[in-house]
Amino acid sequence: MEINPMEIILKYLPLLIPIALLQFGLMIAALVDVIRREKTKGPKWVWIIVVVFINLFGPIVYFIFGRDE
Amino acid sequence: MNSVKIEDLRKKYGNVNALDGLNIQVDSGSVFGFLGPNGAGKTTTLRILAGLAQADSGSIFFGSENTSKSGTDQKARLGYLPEEPAFYGWMSPREYLDYVGKIFKLEAKERQLRVDQLLEKSGLKEAAKRRIAGFSRGMRQRLGIAQALMNHPSLLLLDEPVSALDPAGRKEVLEMIEGLSSECTVIMSSHILADVERVCDTVGIINKGKLITQAKKQDLLDRYAIPALEITTSNGSASLMPEWKLRLEKLPAITGVTVEGYRFHLAVKDVHTSQQEVMQDALHHNVTFEKLEVVKPSLEDIFMQLTGSLK
Amino acid sequence: MNFITAFNKEFLEQRRTRKFLIALVVLVLFGMTSPLMAKMTPQIMTMVPGGEAFVGMIPEPTINDAVAQYIKNIIQFGVLLALVFTMGSITIEKDKGTAAMILSKPMPRGSFLLAKFTSLALTFIIAVVIAGVAAYYYTYFLFGQMNILNWITLNGLIVLYILVYIAITLLYSTLTRTQYVAIGLSFGTLIFLGILGSLPGFGINLPDALISNASLLMSGYPVTNWTGLWVSLGIIVVSITTAWLVFRKQEL
């Protein structure tokens with residue numbers, strides 16, 4: 001049984017797109033927040049990397065622990 | 001307006017008697033200055049009045065009502081400013097004041113009017129839409145005063161209202177407090193005597209949770225009307241000053257010495273003897289001064305005498 | 001009414017501080033990915049080096065696998081977020097002095113506390129509802145029809161389970177001085193109830209029974225013992241009442 005990964009992705013594409021969009025949206029929201037905030041807990045550039053490169057959990061961890069009120 | 005009577009108020013924190021049978025009478029419409037060294041019980045008293053802490057025993061009367069069962073009724077007429085006012089950083093001052101207005105159940109129109117008025121009064125109009133999180137200490141203090149005035153309180157409790165402000169802001173706020181005396185009874189605590197002296201008509205001095213004395217400011221000044229000496233030394237004596245201060249403190253006719261720059265302020269028992277003593281001492285030790293004058297006592301001198309924080 | 005005033009402030013705070021957004025996005029994402037992962041597990045195995053050997057051993061995934069994934073993920077992340085969002089709700093306000101500012105005004109402490117609970121509850125209700133709709137759609141697309149009434153019940157039970165932990169954490173947040181102690185105690189309770197639930201025959205009386213009942217329901221078995229439901233409601237009521245009784249007397 002030979003399954004091509006591309007085939008799977010194409011097959012489920014309509015289901016994958018909303019997921020990707022949501023993750024992307026959350027990342028953008030977090031990114032905008034990091035950049036506009038005066039100060040964060042820990043260096044800003046670290047948070048930017050975390051938010052952009054760690055899927056889903058990067059933005060969540062930032063929102064919960066990274067913001068300094 | 002509302003008079004306040006505090007009877008035999010006691011409060012213990014662990015082994016420390018924060019309040020040890022405090023009795024105070026604040027007349028309706030007066031501006032009451034609450035003086036005392038740090039830890040004297042000023043903040044505790046204000047917090048009990050604001051309903052944030054409970055006394056172990058004793059009673060408080062607002063007007064003629066005993067408020068051992070203090071409810072929301074009393075709180076609706078109260079304005080309270082803690083020493084370090086804290087806000088929700090994500091709100092703007094306009095939103096915060098609006099929220100406070102809602103808590104006091106002001107109608108939408110009236111509320112908006114009042115919020116605008118208070119923003120104007122506290123000089124925060126420009127910053128009305130900014131997040132409070134980025135505010136300076138002085139801005140927070142002014143917002144704190146604004147929120148305390150939202151409901152046109154009949155009793156206003158201010159804990160160190162001006163100590164965080166710069167001289168200009170301090171002057172402004174003190175003038176505001178002076179202007180309020182026609183609308184409400186004010187109790188303000190402070191350790192800055194000059195501020196109390198300036199705006200308050202009645203002064204209560206407490207130490208270690210007890211009232212030491214309470215009187216109209218003028219009566220107090222008259223009663224303890226021992227004049228003081230003020231000496232301005234000349235530049236040349238700068239190096240001799242610390243020594244001289246120590247010697248002055250030991251002179252029998254002098255009860256207290258404070259130094260401010262080149263100026264010595266001496267609380268004295270008797271003007272003549274003290275003058276002689278001071279001049280003799282100066283002669284013996286080659287201290288020169290430019291000016292020696294007899295001045296009226298300030299609240300500070302009385303405070304020093306009463307709390308015994310000096311000799 | 002003062003409760004409404006406080007509630008509006010709390011809910012606005014959750015939207016401003018992005019708590020609402022986080023709960024919504026996280027739960028909805030798991031609502032979408034759970035059925036998808038259930039469906040794709042065998043195919044994913046073939047992509048993992050050496051995984052081909054197991055392909056034959058994995059049975060063809062069913063609707064029950066999708067539901068099980070959904071329940072597990074939503075509960076895990078729902079409870080985690082609920083603890084994190086609730087841990088500081090009272091401690092921070094006491095510590096910073098914001099509570100003293102508001103509670104020296106005619107705002108009853110009960111309203112203040114209840115507004116915290118209800119606004120957090122609303123956040124998670126909305127998040128679970130939307131996650132439930134998304135998961136239903138995905139499951140339908142990948143596996144086929146589910147009983148809608150059972151699905152609604154299942155999501156209701158999940159919400160209730162999350163509310164139990166919001167109430168417990170709110171109580172701890174009232175009792176303790178720092179949010180980290182509060183969340184520590186909440187995790188402790190979570191583990192304690194887990195151990196208690198593993199005692200034979202006892203689990204049915206605990207909030208965890210909400211979850212097992214939900215799975216039973218979805219697999220088409222009748223649920224006869226609802227003790228866990230009443231116990232959960234009881235825990236919520238007792239936690240909030242205790243929090244109120246303590247908070248009423250607390251010095252701010």
Side-chain angles (χ1 to χ4, degrees), chain A, chain C residues 13-48 51-53 55-56 73 77 80-88 92 96 98 130-131 133-135 137-143 179-180 183:
Chain A
M1 184 165 74
E2 190 62 39
I3 300 168
N4 182 347
M6 270 318 285
E7 252 173 62
I8 299 175
I9 290 174
L10 279 176
K11 186 175 161 197
Y12 294 121
L13 198 60
L15 296 182
L16 291 171
I17 287 175
I19 293 172
L21 281 181
L22 261 184
Q23 292 203 9
F24 187 70
L26 189 66
M27 186 197 87
I28 294 295
L31 201 59
V32 168
D33 195 286
V34 183
I35 291 168
R36 284 176 55 183
R37 193 161 293 270
E38 280 167 33
K39 56 178 180 171
T40 53
K41 285 181 187 149
K44 243 185 185 187
W45 61 271
V46 173
W47 280 118
I48 291 176
I49 292 172
V50 166
V51 163
V52 174
F53 291 100
I54 303 177
N55 228 346
L56 180 58
F57 293 100
I60 294 171
V61 170
Y62 166 70
F63 274 130
I64 294 174
F65 299 108
R67 292 178 297 171
D68 199 359
E69 288 300 334
Chain C
E13 178 164 1
Q14 286 183 49
R15 280 173 287 156
R16 283 275 178 86
T17 56
R18 303 279 182 270
K19 283 181 179 171
F20 181 76
L21 177 85
I22 296 169
L24 190 67
V25 172
V26 170
L27 296 193
V28 171
L29 270 174
F30 280 108
M32 291 170 168
T33 49
S34 298
L36 201 62
M37 291 311 265
K39 183 79 181 177
M40 287 168 67
T41 308
Q43 282 133 328
I44 291 168
M45 290 304 280
T46 63
M47 293 183 228
V48 182
E52 292 91 341
V55 172
N73 286 331
F77 286 91
L80 181 69
L81 288 179
L83 296 194
V84 172
F85 290 173
T86 315
M87 64 181 181
I92 292 181
K96 284 176 78 178
T98 45
I130 298 178
V133 170
Y137 175 76
Y138 272 58
T139 312
Y140 173 78
F141 196 88
L142 294 163
F143 295 93
Q179 51 178 341
Y180 300 108
I183 198 173

- request: Quick one: pull up OH in A:Y12 and OH in C:Y138 and give me the separation to the nearest 0.5 Å.
  value: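 Here the interatomic distance stands at 12.5 Å.
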query: When only heavy atoms count and the cut-off is under 4.5 Å, which of residues 49-60 of chain A reach chain C?
result: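 Near chain C, by residue number: A:L56, A:F57, A:I60.
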message: If the contact rule is any heavy atom under 4.5 Å from chain C, which residues of residues 15-30 of chain A qualify, in numerical order?
response: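 Under the 4.5 Å heavy-atom cut-off, A:L15, A:L16, A:P18, A:I19, A:L22, A:Q23, A:L26, A:A29 qualify.
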message: Can you tell me which of C:Y137, C:F85, C:F141 forms the most heavy-atom pairs within a distance under 4.5 Å of chain A?
response: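 Maximum pair count with chain A is reached by C:F141.
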query: Can you tell me if CE on C:M40 sees more than 12 non-hydrogen neighbours from other groups inside 6.0 Å?
result: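 Yes, because the 6.0 Å sphere around CE of C:M40 holds more than 12 heavy atoms from other groups.
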